[in-house]
Amino acid sequence: MQPIIIVLIILVVLVFIALIKTIQVIPQASAAIVERFGRYTRTLNAGLNIVVPFIDSIRNRIDLREQVVPFPPQPVITQDNLVVNIDTVIYYQVTDARAATYEVASYIQAIEQLTVTTLRNIIGGMDLERTLTSREEINAALRGVLDEATGKWGIRVNRVELKAIEPPTSIQDSMEKQMRADRDKRAAILQAEGTRQSAILTAEGEKQSAILRAEGEAKASALRAEGEAQAIRTVFESIHAGDPDQKLLSYQYLQMLPKIAEGDANKLWIVPSEIGDALKGLSGAFGNLGNGAPGFDTGKERREQPPVD
């Protein structure tokens, strides 16, 4: 009985193994290459697949999603004989699992080597300055070459990016000094332009202020002169309307004499010659009122008033 049980156990194990090898579950966005006796038979797509156990074998499982592969820095010589290190990143996708398995031994290594050689060809025709400022041009040229070469491998290169371009240390120092000098130059130019603009605006402001001030003073002088003329005109009209005689004018003149002598600076003042006529008129007026009362000189000789201290 024991040999029979052992045989049954062996058969169960073989059946279980056969079922495992017969049923193949392929994940989504993946593919598997099936070989029969070492020869390609078919490609298994995502889902549940049935294969012949012990006859069919899975050669390779390939991820069909887009892959990102960074490559280490590669030394490249520019047209002006300078060595720069360039880091690249490749975005690719397997479109044909069979071609990716049988057309090339290792498509990752093949893409890397093709990237290096293509970079050397492209950068070799550019100087350092153009290399540093032509990333998009280099990316487009590199992608075109890679996409054309990897098409027969069942690979599609979607994007190629230059992650870093590092020139030699001495060149970096020179570039930093040049950039610093350019920044200082631009700063000096901007500062000079600002000073010039400020001076122009200040001069314009002072000019406008002087013009407005002169216009204001002119208008004020005109208004002041107009006011004085109006005042003189009013006084003249009032005097003319009152028809004053010589006696009234002489009396008013005498009333103004104390105001003329006011002030500490007026130590000496001279009586004008017209005062004789005024005194003559007043003398005659008071003489007529007081019947020639003494105290008034009606002579024509001129007298000088003593200075008022």
**Message:** A side-chain contact here means heavy atoms from C-beta on lying under 4.5 Å apart; do I122 and E137 qualify?
**Reply:** no
**Message:** Please determine whether the number of non-hydrogen atoms from other residues, nucleotides or ligands lying under 6.0 Å from atom CD of E66 exceeds 12.
**Reply:** yes
**Prompt:** How close do R143 and N158 get, heavy atom to heavy atom, and via which atoms?
**Reply:** NE-O, 2.7 Å
**Message:** Counting C-beta onward and ignoring hydrogens, is there a side-chain heavy-atom pair between R120 and V76 closer than 4.5 Å?
**Reply:** yes
**Message:** Rounded at 0.5 Å granularity, tell me how far CD1 in I58 sits from CD1 in I26.
**Reply:** 5.5 Å
**Asked** Is any side-chain heavy atom of V94 closer than 4.5 Å to a side-chain heavy atom of I155?
**Response** yes
**Asked** Of all heavy-atom pairs between N85 and P73, which one has the smallest distance, and what is that distance?
**Response** CB-CB, 4.2 Å
**Request:** Please tell me if the side chains of Y92 and T150 come closer than 4.5 Å, counting only heavy atoms from C-beta onward.
**Result:** no
**Message:** Looking at every heavy atom in both D80 and L128, which two are closest together, and how far apart are they?
**Reply:** OD2-N, 3.3 Å
**Item:** N/O donor-acceptor pair under 3.5 Å between S209 side chain and G205 backbone
**Value:** no
**Prompt:** Passes salt bridge (Lys or Arg N to Asp or Glu O under 4.0 Å), E204 versus K207? Steps please.
**Reply:** CA-CA 5 Å; E204 288 290 338; K207 176 183 176 182; 5.1 Å; no
**Message:** For a quick test of reading the model, state the closest non-hydrogen atom pair linking A149 to L114 and the distance between them.
**Reply:** CB-CD2, 3.3 Å
**Prompt:** How about I77: does its CD1 atom have over 12 heavy atoms from other parts shown lying under 6.0 Å from it?
**Reply:** no
